[in-house]
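Working notes, structure below.
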Amino acid sequence: MSTSEQSVTTPVARGILAAGVSLATGLALAVIPALAAQVAGTRSTATALDAILIGLNILVLGHGGGITLSTGAIEGTVTLAPFGLTGLLILVSALGMRRVGRLLELVRPDGLLRSSALRDAGSALAAHTVLYALGMAVLAAIARSADVSPVIPSAVFSAALISLLGGLCGLLWSLRREATDEVPGVRVLSLLPSPFDAVARAVGIAVVGVLGTGMLLLIVMLLLSLPEQAGLFAQLDPGPVGGLVLTLLQLALLPLLAVWASTVLLGGTVTLGTGTSVSLAGAETGVLPALPVLGALPQPGTAPAWTVLLLVLPLGVVMLGAHRLVRDVQELPLRDRITAWITYPLVVLVALLLIAGLSTGGIGDSRLAHLGPTMPTVLLPSAILVLGGTGLIVGIFASGLIPWAGRAIAALRSRVENAERAEQEERARGAGPADAADTTDDADAVDGPDGKDGTDDADAADEIDLWARGADDDVDGGDAADESSAEAEVSPRADR
């Protein structure tokens with residue numbers, strides 16, 4: 001193999017190529033809809049160059065960077081990231097680095113990492129991150145105009161973070177392999193030391209579940225407010241292509257709104273500008289941008305009392321993750337179990353607060369300067385839900401409370417059964433003489449041939465026998481007395 005061929009297949013070169021492909025894909029995702037809207041916009045005075053610049057600025061926002069506007073209508077910095085586009089950019093980087101990981105063959109046939117796997121993966125990831133950030137800096141500098149100018153430092157930093165996160169996920173994804181008859185399977189979480197593999201799995205269940213409940217709540221609100229959204233869409237009258245672009249914009253904002261809904265479910269407050277806030281206690285809405293998706297916001301006023309019960313949704317998800325954790329670590333030593341029980345709620349709480357913090361932003365310096373969760377209102381209720389739910393599950397399933405309760409119930413049932421058995425025996429003993437008398441009466445009811453039963457005949461015979469013996473004794477006594485009297489009578493006569 002020649003030197004040039006070897007240089008192309010090095011980890012650094014593969015990382016650079018993956019960064020170029022990821023950056024070009026992200027650029028297409030942002031610029032093509034803007035160009036389509038400019039071409040189809042019959043009432044628009046923007047040129048194709050303006051559309052490209054708008055797409056580049058949207059790309060900066062999608063990475064989490066900021067742009068400065070001076071359009072007259074909006075003055076100031078825009079820092080609100082469309083999470084939908086952010087997720088697509090992370091996915092693009094992950095797919096690119098996943099292919100790099102597969103080409104580098106980081107896993108041996110026996111399922112273990114090869115000796116230089118970490119070094120090669122680190123080199124490719126570093127090259128991917130550096131080139132991606134530098135390319136984003138160039139695009140941000142190109143996107144400057146009289147009305148819009150990206151904040152280049154924030155664009156570079158956010159792009160580096162997106163490429164690093166996506167690239168790391170892609171490399172870990174490349175390690176996964178299904179088991180076959182010849183080679184064992186490889187799971188990403190199984191590469192983590194115990195008990196942190198179980199913690200990572202449980203944290204993923206909790207965080208994804210909480211965000212999923214927010215998305216579910218948002219979808220329900222959107223379905224219930226379809227007439228209001230249709231009215232706003234009709235007022236804008238964007239046309240076919242403009243309607244498609246507006247729909248894509250709303251789809252890009254949908255994950256962001258889902259995070260806000262999750263924050264509300266956790267007990268926090270979401271602010272949508274000055275004088276506008278939404279929480280489980282109620283809603284206060286003022287003047288909002290004419291965006292159809294915002295028609296799903298609740299009507300101003302105090303919320304019904306039952307809305308507090310919505311706290312059960314994130315609490316149940318956190319408890320589900322805690323239950324999975326307790327089940328996965330139940331065979332580990334006590335020290336590892338305690339480590340897992342403590343780590344799980346802390347990581348879940350930090351992850352939820354971090355996501356909520358990243359979803360905050362603003363549009364300009366006026367009444368839309370603050371959009372998103374109010375973090376002081378999120379911290380305490382989130383901590384109570386996460387720590388309380390985890391403590392409840394650990395206290396029930398990991399402390400032996402359920403087996404103890406089962407044994408206590410079994411012992412109570414045994415005592416009740418023994419008491420019932422003793423009571424039945426006591427009743428049987430108390431009813432014994434009466435039953436015997438009844439039996440005698442039944443026997444007496446059976447008469448013999450003479451109209452009397454055998455017992456009565458035996459008693460009569462005994463009485464006759466005793467009477468006969470007494471009569472004989474009386475006769476014998478009487479005869480003796482008579483003989484004595486006779487002798488006494490004879491004797492005096494003899495004396496005389």
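These numbers come from the heavy atoms of this one structure, side chains and all, not from hydrogens, waters or symmetry mates. One-based numbering along the sequence shown.
A donor-acceptor contact shorter than 3.5 Å is absent between the side chain of Arg367 and the backbone of Gly273. Remark: side-chain polar atoms of Ser359 are paired, donor with acceptor, to backbone N or O of Ala356 under 3.5 angstrom. In this structure, Arg324 contributes its side chain and Ala202 its backbone to no donor-acceptor pair below 3.5 Å. Between the side chain of Ser277 and the backbone N or O of Thr271 there is no donor-acceptor pair closer than 3.5 Å. For Ser154 (side chain) and Gly66 (main-chain N/O), a donor-acceptor pair under 3.5 Å exists by modelled atom type. Formation of a donor-acceptor pair under 3.5 Å by the Ser158 side chain with backbone atoms of Ala155 is found in this model. A distance-only check finds a donor-acceptor pair linking the side chain of Thr86 to the backbone of Gly62 [under 3.5 Å]. No donor-acceptor distance shorter than 3.5 angstrom exists from the side chain of Thr269 to the backbone of Thr377, with no hydrogens or angles considered. A donor-acceptor pair under 3.5 Å is absent between the side-chain atoms of Thr343 and the main chain of Ala340, judged by distance alone.
Within 6.0 Å of the CD atom in Glu105, the count of heavy atoms belonging to other residues, nucleotides or ligands does not exceed 12.
Looking at heavy atoms from C-beta onward, Ser262 lies in side-chain contact with Leu211 at the 4.5 angstrom threshold. No side-chain heavy atom of Leu232 sits less than 4.5 Å from a side-chain heavy atom of Gln229. The side-chain heavy atoms of Leu59 and Leu89, taken from C-beta on, include a pair separated by under 4.5 Å. Side-chain contact between Ile355 and Val207 is present, with at least one heavy-atom pair separated by less than 4.5 Å. Side-chain contact between Pro195 and Val329: present, with at least one pair of heavy atoms (C-beta onward) separated by less than 4.5 Å. Taking 4.5 Å as the limit, some side-chain heavy atom of Leu80 sits within range of a side-chain heavy atom of Leu256. For the pair Pro82/Leu61, a side-chain contact is recorded, criterion being any heavy-atom separation below 4.5 Å from C-beta on. Considering only heavy atoms from C-beta on, Leu56 comes within 4.5 Å of Leu27 through its side chain.
Judged as a side chain to side chain contact (heavy atoms under 4.5 Å, CB included), and not counting sequence neighbours, the contacts of Leu311 are Leu280, Val308, Leu385.
Here the straight-line distance linking atom CG of Leu165 with atom CD1 of Ile90 works out to 5.0 Å at 0.5 Å rounding. Rounding to the nearest 0.5 Å places CG of Leu254 at 11.5 Å from OG1 of Thr247. Remark: Ser382 OG to Met375 CE distance equals 7.5 Å, nearest 0.5 Å. Separation of atoms CG (Leu315) and CD1 (Ile384) is listed at 11.5 Å; rounding is to 0.5 Å. Taking CG of Leu246 as the start and CG of Leu291 as the end, the distance is 6.5 Å to the nearest 0.5 Å. How far NE2 of His370 is from OG1 of Thr360: 6.5 Å, rounded to the nearest 0.5 Å.
For Cys169 against Ala94, the heavy-atom pair with the smallest separation is CB-CB, 4.4 Å. Listed here is the closest heavy atom pair of Ala48 and Leu35: O-CD2, 3.7 Å. In this structure, Ala206 and Val317 approach most closely via the heavy-atom pair O-CG1, 3.4 Å. Nearest heavy atom pair, residue Pro381 against residue Gly268, reads CG-N, 4.5 Å. The two atoms that bring Gln299 and Ala283 nearest to each other are O-CB, 3.8 Å, heavy atoms only. Minimum interatomic distance between Ser22 and His128 (heavy atoms only, all atoms of both residues): OG-NE2, 3.8 Å.
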Side chain to side chain contact (heavy atoms under 4.5 Å, CB included) between Phe157 and Val151, worked out: CA-CA 10 Å; Phe157 177 78; Val151 182; over 6 Å; no
Step by step, would you call Met97 with Val100 a side chain to side chain contact (heavy atoms under 4.5 Å, CB included)? CA-CA 5 Å; Met97 289 304 295; Val100 171; 4.2 Å; yes
Going through the checks in order, is the side chain to side chain contact (heavy atoms under 4.5 Å, CB included) test met by Val386 and Tyr344? CA-CA 9 Å; Val386 174; Tyr344 167 75; 5.7 Å; no
Carefully, step by step, assess Leu334 and Arg337 under the rule side chain to side chain contact (heavy atoms under 4.5 Å, CB included). CA-CA 5 Å; Leu334 180 60; Arg337 281 182 286 163; 3.7 Å; yes
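The list of side chain to side chain donor-acceptor pair (under 3.5 Å) pairs with a residue in residues 131-153, not counting sequence neighbours, reads His63-Tyr132. For residues 194-217, the salt bridge (charged side-chain N to carboxylate O under 4.0 Å, His left out) pairs, not counting sequence neighbours, are Arg201-Asp328.
Of the candidates Val347, Leu353, Leu346, Leu349 forms a side chain to side chain contact (heavy atoms under 4.5 Å, CB included) with just one, namely Leu353.
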